[in-house]
Amino acid sequence: YEHAGLDIISTEEFLQAEAMTGRLRNKTSGTPIFPPNNRTDWDGMDPKPLKEYLRDVTLTPLAWKPESCIAAFPSDDGPQHTRELTDMLDEIKKDFPRTRQYMDKPTEVDAEPLERLKEAVAGRVKE
């Protein structure tokens with residue numbers, strides 16, 4: 001299942017569309033740079049050279065700590081959807097969930113978004 005507003009593509013498709021057309025630029029110099037050996041198909045290959053290349057051309061929030069922060073996306077575009085997400089997080093902060101609440105009783109995948117988000121943040125460091 002894919003969200004209508006989120007087009008999932010393969011790494012190869014991304015590299016063909018963005019890297020091989022010169023759209024990915026070195027963060028420091030601004031010069032377009034291409035993947036190692038101009039390779040776009042990395043299936044079965046050592047990913048280290050690709051990861052190093054991507055670090056040179058993308059914002060890499062290495063300080064991000066997933067144990068205390070999660071990535072969340074609004075249900076659709078528009079400020080009202082961003083507000084819905086913010087409201088859910090504000091609601092969760094009122095009674096911050098603990099991991100043990102979900103041990104052996106995970107939230108159903110088709111549960112309401114608030115309930116799913118509660119489980120996702122459970123046990124993370126409260127800020």
Side-chain angles (χ1 to χ4, degrees):
Y1 171 75
E2 244 178 64
H3 188 285
L6 187 62
D7 185 18
I8 306 295
I9 63 172
S10 68
T11 300
E12 183 175 9
E13 289 174 285
F14 170 77
L15 292 172
Q16 288 171 349
E18 302 300 325
M20 300 309 291
T21 58
R23 290 187 183 137
L24 298 185
R25 298 173 178 270
N26 179 282
K27 289 186 294 191
T28 307
S29 69
T31 305
I33 56 176
F34 299 90
N37 301 315
N38 290 327
R39 179 182 299 280
T40 58
D41 180 1
W42 287 82
D43 289 349
M45 304 295 295
D46 177 5
K48 186 176 180 184
L50 176 62
K51 289 179 181 181
E52 290 171 355
Y53 163 75
L54 290 172
R55 281 192 187 106
D56 287 340
V57 298
T58 60
L59 174 62
T60 311
L62 295 176
W64 180 47
K65 297 188 179 357
E67 66 275 3
S68 63
C69 180
I70 63 168
F73 302 91
S75 61
D76 210 337
D77 62 354
Q80 71 275 21
H81 299 290
T82 301
R83 186 75 229 156
E84 288 171 359
L85 182 57
T86 303
D87 289 346
M88 282 193 283
L89 291 171
D90 289 344
E91 180 68 25
I92 290 169
K93 288 178 184 177
K94 291 177 186 176
D95 185 22
F96 208 78
R98 304 282 181 241
T99 306
R100 67 179 171 269
Q101 292 174 238
Y102 300 98
M103 293 294 195
D104 298 320
K105 46 186 178 214
T107 303
E108 296 289 327
V109 296
D110 58 353
E112 290 297 315
L114 177 61
E115 296 307 313
R116 295 179 64 208
L117 190 56
K118 282 180 181 179
E119 182 179 14
V121 302
R124 296 178 192 274
V125 177
K126 185 176 178 182
E127 295 185 23

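Nothing here was measured: the structure is a model prediction, and the numbers come from that model.
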Using a 3.5 Å cut-off and no angle test, enumerate the donor-acceptor pairs between side-chain atoms of residues 29-38 and protein atoms at least two apart in sequence or in another chain.
from  : atom 1 : to    : atom 2 : distance (Å)
Ser29 : OG     : Thr31 : N      : 3.2
Ser29 : OG     : Thr31 : OG1    : 3.2

When the side chains of residues 102-110 are checked against the rest of the protein, which donor-acceptor pairs come out under 3.5 Å, sequence neighbours left out?
from   : atom 1 : to     : atom 2 : distance (Å)
Thr107 : OG1    : Glu119 : OE1    : 3.0

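Remark: Leu85 engages Ala72, Pro74, Met88, Leu117 in a side chain to side chain contact (heavy atoms under 4.5 Å, CB included) (not counting sequence neighbours). With sequence neighbours excluded, no residue forms a salt bridge (charged side-chain N to carboxylate O under 4.0 Å, His left out) with Glu12. Contacts of Glu115 classified as salt bridge (charged side-chain N to carboxylate O under 4.0 Å, His left out), with partners at least two apart in sequence or in another chain: Lys118.
No single ILVMFWY cluster, assembled from side-chain heavy atoms under 4.5 Å apart, contains both Phe73 and Ile9. Residues Phe14 and Met20 are members of separate hydrophobic clusters, defined by side-chain heavy-atom contacts under 4.5 angstrom among Ile, Leu, Val, Met, Phe, Trp and Tyr.
One finds the CG atom of Leu24 at 11.0 Å from the CG atom of Asp56 (value rounded to the nearest 0.5 Å). The CG atom of Leu15 sits 10.5 Å away from atom OG1 of Thr21, with the distance rounded to the nearest 0.5 Å. How far CD of Gln16 is from OG of Ser10: 7.0 Å, rounded to the nearest 0.5 Å.
Closest heavy-atom contact between Thr99 and Ala122: OG1-O, 3.5 Å. Here the closest non-hydrogen pair linking His81 and Ser75 is ND1-OG, 3.2 Å.
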Inset, instruction - Mind running salt bridge (Lys or Arg N to Asp or Glu O under 4.0 Å) on Glu91 and Lys94 for me, showing each step along the way? - result: CA-CA 5 Å; Glu91 180 68 25; Lys94 291 177 186 176; 3.3 Å; yes
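In this structure the side chain of Phe96 reaches within 4.5 angstrom of the side chain of Arg98, judged on heavy atoms.
Residues in residues 20-46 take part in these salt bridge (charged side-chain N to carboxylate O under 4.0 Å, His left out) pairs, two or more places apart or across chains: Glu18-Arg23.
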